[in-house]
Structure formats: structure tokens, C-alpha cells
*Asks:* 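My questions all concern the structure below.
FYI, side chains are in, hydrogens and waters are out, and symmetry mates aren't considered; it's all heavy atoms of this structure. All residue numbers refer to positions in the sequence shown, counting from 1.
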Amino acid sequence: MQITSFLQDKQLTIALTGEIDHHGAKATLRMIEEKIQQYLPTLCILDFRGVSFMDSSGIAIVIHTLRRMTELGGHLRLTKVPPQAEKVLRAAGIDRIVQLEGRDVYHEM
């Protein structure tokens with residue numbers, strides 16, 4: 001799992017690439033936490049466009065990120081979520097607590 005991030009107007013976008021599974025979840029959580037701590041955004045966007053597979057470890061990452069953003073008085077949004085990851089997130093009810101935007105919302109080139 002790799003992440004890239006950029007900040008614009010207190011909005012932190014973190015693009016996730018690769019597989020989100022139990023092997024890399026702790027490192028991914030740590031990287032996301034470091035970025036949030038560094039920038040203290042009011043909105044954190046997790047961009048899932050590069051995620052090729054996700055298991056329940058992805059749910060833990062989302063919940064942890066949501067808790068941290070709530071502590072800061074901010075918000076979390078999930079964007080460009082591919083169908084397999086969306087299925088995992090919806091099965092866990094994540095779509096009821098975090099704004100979830102599927103891949104079909106966007107026109108990719």
C-alpha cells in the first residue's frame with residue numbers, strides 16, 4: 001500500500017494505491033495519522049481510485065481516520081471508491097457515517 005497526499009485550503013487529499021489488507025493496515029494507518037497531524041485539515045478526503053483490493057482492514061482505517069478528524073472538528077469523505085471496496089464498506093455500514101462517493105460518480109479519462 002502506498003499513499004500520496006496534497007493539501008489545499010485546509011483540505012487534505014490522501015490517495016491510496018494497492019491492496020488494503022491486514023499486512024499493510026498498521027503502516028497505512030500510521031502514514032495517514034502522520035499526514036493529519038502534520039496538516040491538521042478541516043476536511044480529509046481518502047481517494048480510493050488506486051485500491052485494487054480491500055478487506056476489513058480498510059474499515060479499520062476509515063474508522064480510525066474518522067475518529068481523528070472528529071477529534072479535530074473536521075470531516076472525512078471517501079471518493080472514487082471501486083466496486084469491491086464499496087461493497088466491503090457498505091456491508092459494514094460505513095456509508096451511514098461517512099460520505100461515500102463511488103467511482104461511477106466520476107468520468108475518468
Side-chain angles (χ1 to χ4, degrees):
M1 169 63 49
Q2 293 181 315
I3 71 165
T4 56
S5 64
F6 67 91
L7 181 72
Q8 183 177 1
D9 300 324
K10 297 295 274 182
Q11 176 177 301
L12 175 64
T13 300
I14 300 174
L16 306 168
T17 304
E19 294 186 358
I20 301 175
D21 58 20
H22 70 279
H23 295 293
K26 286 184 182 180
T28 301
L29 273 171
R30 201 168 29 255
M31 289 186 286
I32 291 170
E33 175 62 29
E34 287 171 4
K35 294 295 181 184
I36 291 172
Q37 190 61 35
Q38 179 180 2
Y39 297 117
L40 301 173
T42 55
L43 174 63
C44 180
I45 298 171
L46 294 182
D47 182 335
F48 280 75
R49 113 182 54 198
V51 174
S52 56
F53 171 81
M54 187 180 88
D55 66 13
S56 60
S57 300
I59 296 165
I61 289 170
V62 170
I63 290 172
H64 180 82
T65 305
L66 176 62
R67 284 183 184 152
R68 184 65 181 118
M69 289 307 299
T70 300
E71 289 171 2
L72 294 174
H75 303 281
L76 174 64
R77 184 183 320 150
L78 311 180
T79 64
K80 300 182 179 126
V81 181
Q84 188 273 327
E86 183 176 355
K87 187 175 181 179
V88 172
L89 293 167
R90 288 190 187 280
I94 295 297
D95 58 316
R96 293 183 293 223
I97 59 173
V98 177
Q99 185 178 350
L100 181 71
E101 298 172 356
R103 196 179 278 270
D104 59 337
V105 174
Y106 299 90
H107 299 287
E108 295 183 3
M109 296 182 184

*Asks:* Do L76 and V62 have side chains that get closer than 4.5 Å, going by heavy atoms?
*Replies:*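 Yes, at least one pair of side-chain atoms sits under 4.5 Å.
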
*Asks:* For the NZ atom of K80 and the CG atom of L16, what is their distance to the nearest 0.5 Å?
*Replies:*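 With rounding to 0.5 Å, NZ (K80) is 12.5 Å from CG (L16).
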
*Asks:* Quick check against the 3.5 Å criterion: does D9 have a side-chain atom that pairs as donor or acceptor with the backbone of Q11?
*Replies:*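 No, the answer is negative, given that no donor and acceptor are paired below the 3.5 Å cut-off.
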
*Asks:* Please say yes or no: joined through hydrophobic side-chain contacts below 4.5 Å, possibly via intermediate residues, are L46 and L72 part of one cluster?
*Replies:*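 Same hydrophobic cluster.
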
*Asks:* Run H64 and R67 through side-chain contact (heavy atoms from CB on, under 4.5 Å) and show every step you take.
*Replies:* CA-CA 5 Å; H64 180 82; R67 284 183 184 152; 5.8 Å; no

*Asks:* Measuring from S5:OG to E34:CD, what's the distance to the nearest 0.5 Å?
*Replies:*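 Between atom OG of S5 and atom CD of E34 there are 10.5 Å.
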
*Asks:* Which atom pair, heavy atoms only, marks the closest approach of L7 to P41?
*Replies:*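 Reported closest heavy-atom pair: CD1-CB, 4.5 Å.
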
*Asks:* Using side-chain contact (heavy atoms from CB on, under 4.5 Å), reason through D55 and V88 one step at a time and then give a plain yes or no.
*Replies:* CA-CA 7 Å; D55 66 13; V88 172; over 6 Å; no

*Asks:* What is the distance from atom CZ of R30 to atom NZ of K35, rounded to the nearest 0.5 Å?
*Replies:*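 It is 14.0 Å, given to the nearest 0.5 Å.
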
*Asks:* Closer than 3.5 angstrom, by distance alone: can the side chain of K10 be matched with the main-chain N or O of L40 as a donor-acceptor pair?
*Replies:*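 Side chain of K10 to backbone of L40, a donor-acceptor pair under 3.5 Å: yes, one is there.
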
*Asks:* Starting from the C-alpha separation in whole Å, work towards a yes-or-no answer on side-chain contact (heavy atoms from CB on, under 4.5 Å) for H75 and T42.
*Replies:* CA-CA 6 Å; H75 303 281; T42 55; over 6 Å; no

*Asks:* Of all heavy-atom pairs between L78 and F48, which one has the smallest distance, and what is that distance?
*Replies:*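 Closest approach of L78 to F48: CD2-CE1, 3.8 Å.
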
*Asks:* How close do E101 and T79 get, heavy atom to heavy atom, and via which atoms?
*Replies:*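 Minimum heavy-atom contact is OE1-CG2, 3.2 Å.
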
*Asks:* Minimum heavy-atom separation for T65 and C44, please, with both atom names.
*Replies:*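 Scanning both residues completely, I find the closest heavy atoms to be CG2-SG, 4.1 Å.
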
*Asks:* Can you name the nearest heavy-atom pair linking S57 to D21, along with the distance?
*Replies:*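 S57 and D21 have their closest heavy atoms at OG-C, 3.4 Å.
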
*Asks:* Less than 3.5 Å apart, any donor N or O on the side chain of E86 or Q84 sitting next to an acceptor on the other?
*Replies:*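 No - no donor-acceptor pair under 3.5 Å links their side chains.
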
*Asks:* Could you check whether any side-chain heavy atom of V51 comes within less than 4.5 Å of a side-chain heavy atom of T17, counting everything from C-beta outward?
*Replies:*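 Heavy-atom side-chain distance check fails, nothing below 4.5 Å.
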
*Asks:* What distance do L43 atom CG and M69 atom CE have between them, rounded to the nearest 0.5 Å?
*Replies:*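 Interatomic distance, L43 CG to M69 CE, rounded to 0.5 Å: 6.5 Å.
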
*Asks:* Do T13 and T4 have side chains that get closer than 4.5 Å, going by heavy atoms?
*Replies:*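 Not in contact.
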
*Asks:* Take a 6.0 Å sphere around CD of E33 and say whether it holds more than 12 heavy atoms from other residues, nucleotides or ligands.
*Replies:*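 It does: E33 CD has more than 12 such atoms within range.
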
*Asks:* Would a hydrophobic clustering, with Ile, Leu, Val, Met, Phe, Trp and Tyr connected at side-chain separations under 4.5 Å, put F53 with I20?
*Replies:*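 Shared cluster, no.
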
*Asks:* Show the numbers, then the answer: is there a side-chain contact (heavy atoms from CB on, under 4.5 Å) between L89 and L100?
*Replies:* CA-CA 9 Å; L89 293 167; L100 181 71; 3.8 Å; yes

*Asks:* Should Q37 and R68 count as side-chain neighbours, where that means a heavy-atom distance under 4.5 Å?
*Replies:*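 Result yes, sub-4.5 Å side-chain heavy-atom pair found.
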
*Asks:* Just verifying a value: how many Å separate M31 CE and I61 CD1, rounded to the nearest 0.5 Å?
*Replies:*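 Nearest 0.5 Å value for the CE-CD1 distance: 8.5 Å.
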
*Asks:* Are I14 and I45 close enough that some pair of their side-chain heavy atoms sits under 4.5 Å apart?
*Replies:*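 The answer is no, as the side chains (C-beta and beyond) never meet within the 4.5 Å cut-off.
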
